[in-house]
Amino acid sequence: MKSIFDDISFRSSKTITRSYSTSFSMGIYFLHRSIHDAIYSIYGFVRLADEIVDSFHGYDKEAMLQQIRKETQAAIDQKISINPVLNAFQHTVHNYQIEWKLIDLFLKSMEADLIEDKHSLQSFEAYILGSAEVVGLMCLRVFTNGNSTMYEHLKPAAMKLGSAFQKVNFLRDLKADYQDLGRSYFPDVDMSQLQDCEKEKIEQSILADFDDALIGIKQLPSNSKLGVYLAYIYYKQLFIKIAKLPANRIMNERVRISNGYKVRLMLNSIFKYQMNII
């Protein structure tokens with residue numbers, strides 16, 4: 001029965017999520033069970049493309065991205081794929097009316113990683129839109145489940161949250177991105193000699209994104225508010241930890257949050273949620 005393969009497909013995306021991201025796995029756990037598979041499938045899809053550009057060194061990355069693009073389009077058109085990750089993703093695309101425009105923008109940002117090692121303000125904003133903001137919108141399609149009025153109302157906040165997450169990732173991964181992959185995402189910044197004043201300017205833009213995002217998180221439906229809030233709290237604490245370090249430190253080490261501290265953050269956030277503090 002095809003249902004067996006569909007179940008395997010969603011479980012494959014769940015395994016990918018749990019293997020690559022404990023923070024997102026934690027957030028998904030606290031979403032309503034009815035939308036777990038859909039969010040796992042979105043993460044599985046974006047991780048598949050992201051790993052091509054970040055990890056598959058020595059292989060034809062451009063050809064593999066083109067293959068993913070073609071197979072994704074075919075999976076959506078045919079409503080099936082022999083690739084379990086794409087099979088799960090196409091189900092979510094159809095069930096929650098995720099538009100191709102969002103998927104196309106995401107894939108274009110992944111393709112940009114192969115041809116752009118430095119960004120102007122314009123290309124940086126386009127990259128953030130495609131690599132992060134549209135992923136937030138895909139998830140918002142699931143959270144709002146066909147309520148177009150709610151989707152349009154929360155759309156700006158979802159984009160800001162995706163932007164904040166991605167910029168924090170950039171700061172956390174400066175060493176790997178610049179030294180190992182030769183990438184410099186932030187425009188008009190010389191990563192070979194990052195200054196504290198430049199780092200602080202980046203941090204101000206992230207704080208503004210976080211502030212705007214929290215307004216939207218408070219208005220999410222009950223199926224998703226706690227899970228998204230937990231992810232927000234994790235990234236906000238990671239950001240605070242990064243912000244306390246001088247520029248030369250984050251250029252030479254990857255900031256992490258211990259599993260024990262993650263648990264404390266989770267428990268504190270759940271308490272605030274239950275006490276209706278958010």
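The figures that follow rest on heavy atoms only: side chains count, while hydrogens, waters and symmetry mates do not.
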| said: Could you tell me if the side chain of Leu214 sits less than 4.5 Å from the side chain of Tyr229, heavy atoms only? | reply: yes
| Once the angle between the rings of His36 and Tyr40 is folded into 0 to 90°, is it parallel (under 30°), tilted (30 to 60°) or perpendicular (over 60°)? | perpendicular
| query | Between atom NE2 of His119 and atom CG of Asp188, what is the distance when rounded to the nearest 0.5 Å? | reply | 12.5 Å
| note | To the nearest 0.5 Å, atom CZ of Phe165 lies from atom NZ of Lys236 at 11.0 Å
| note | Hits for ring-ring contact (aromatic ring centres under 6.0 Å, His included) against Phe124, two or more places apart or cross-chain, chain-then-number order -> Phe186
| note | The reported gap from CD in Gln166 to CG in Leu171 (rounded to nearest 0.5 angstrom) is 11.0 Å
| request: With Arg183 as the cation and Tyr178 as the aromatic partner, state whether NZ or CZ is under 6.0 Å from the six-membered ring centre and within 45° of the axis. | output: no
| Glu62, CD: over 12 other non-hydrogen atoms inside 6.0 angstrom | no
| Which residue pairs pass the salt bridge (charged side-chain N to carboxylate O under 4.0 Å, His left out) test with at least one member in residues 70-80, sequence neighbours excluded? | none
| Given Ser12 and Thr15, is the side-chain hydrogen bond (donor to acceptor under 3.5 Å, both in side chains) satisfied, shown in steps? | CA-CA 5 Å; Ser12 296; Thr15 299; over 6 Å; no
| message | Can you confirm if the NZ or CZ of Lys61 lies within 45° of the ring axis of Phe56 and under 6.0 Å from the centre of its six-membered ring? | response | no
| message | In this structure, would Leu245 and Ile240 fall into the same cluster of hydrophobic residues linked by side-chain contacts under 4.5 Å? | response | yes
| task | Please test Arg69 against Glu111 for salt bridge (Lys or Arg N to Asp or Glu O under 4.0 Å), starting from the C-alpha separation and ending with a verdict. | result | CA-CA 10 Å; Arg69 174 179 282 279; Glu111 292 159 1; 3.0 Å; yes
| task | Could you tell me the separation between the CD1 atom of Ile215 and the CZ atom of Phe210, rounded to the nearest 0.5 Å? | result | 14.0 Å
| salt bridge (Lys or Arg N to Asp or Glu O under 4.0 Å) between Arg141 and Glu99, intermediate numbers included | CA-CA 9 Å; Arg141 280 292 187 198; Glu99 51 268 59; 3.1 Å; yes
| Nearest non-hydrogen partners of Ser41 and Phe10, listed with the distance | CB-CE2, 4.0 Å
| request: Kindly compute the distance separating OH (Tyr96) from CE (Met138), expressed to the nearest 0.5 Å. | output: 15.0 Å
| If only atom types and distance count, is the side chain of Gln97 paired as donor or acceptor with the main-chain N or O of Val93 below 3.5 Å? | no
| task | Determine, using the 4.5 Å side-chain heavy-atom cutoff (strictly less than), whether Ile80 and Ile98 are members of one ILVMFWY cluster. | result | no
| remark: Between Leu154 and Gly216 the two heavy atoms that sit nearest each other are CD2-O, 3.7 Å
| said: Could you walk me through whether Tyr185 and Asp113 satisfy the side-chain hydrogen bond (donor to acceptor under 3.5 Å, both in side chains) test, starting with their C-alpha distance in whole Å, then the side-chain angles of each, then the deciding distance to 0.1 Å, before giving a yes or no? | reply: CA-CA 10 Å; Tyr185 287 106; Asp113 269 334; 2.9 Å; yes
Atom pairs and distances, side-chain donor-acceptor, residues 42-52, under 3.5 Å, sequence neighbours left out:
unit_1, atom_1, unit_2, atom_2, d
Tyr43, OH, Arg47, NE, 3.3
Tyr43, OH, Arg47, NH2, 3.0
Arg47, NH1, Glu51, OE2, 2.6
Glu51, OE1, Ser55, OG, 2.6

| said: With side-chain hydrogen bond (donor to acceptor under 3.5 Å, both in side chains) as the criterion, how do Asn87 and Ser81 come out once you've worked through the C-alpha distance, each side chain's angles and the decisive distance to 0.1 Å? | reply: CA-CA 5 Å; Asn87 185 55; Ser81 175; over 6 Å; no
| said: Could you measure the distance from the CD atom of Glu253 to the CG atom of Leu174? Nearest 0.5 Å is fine. | reply: 11.5 Å
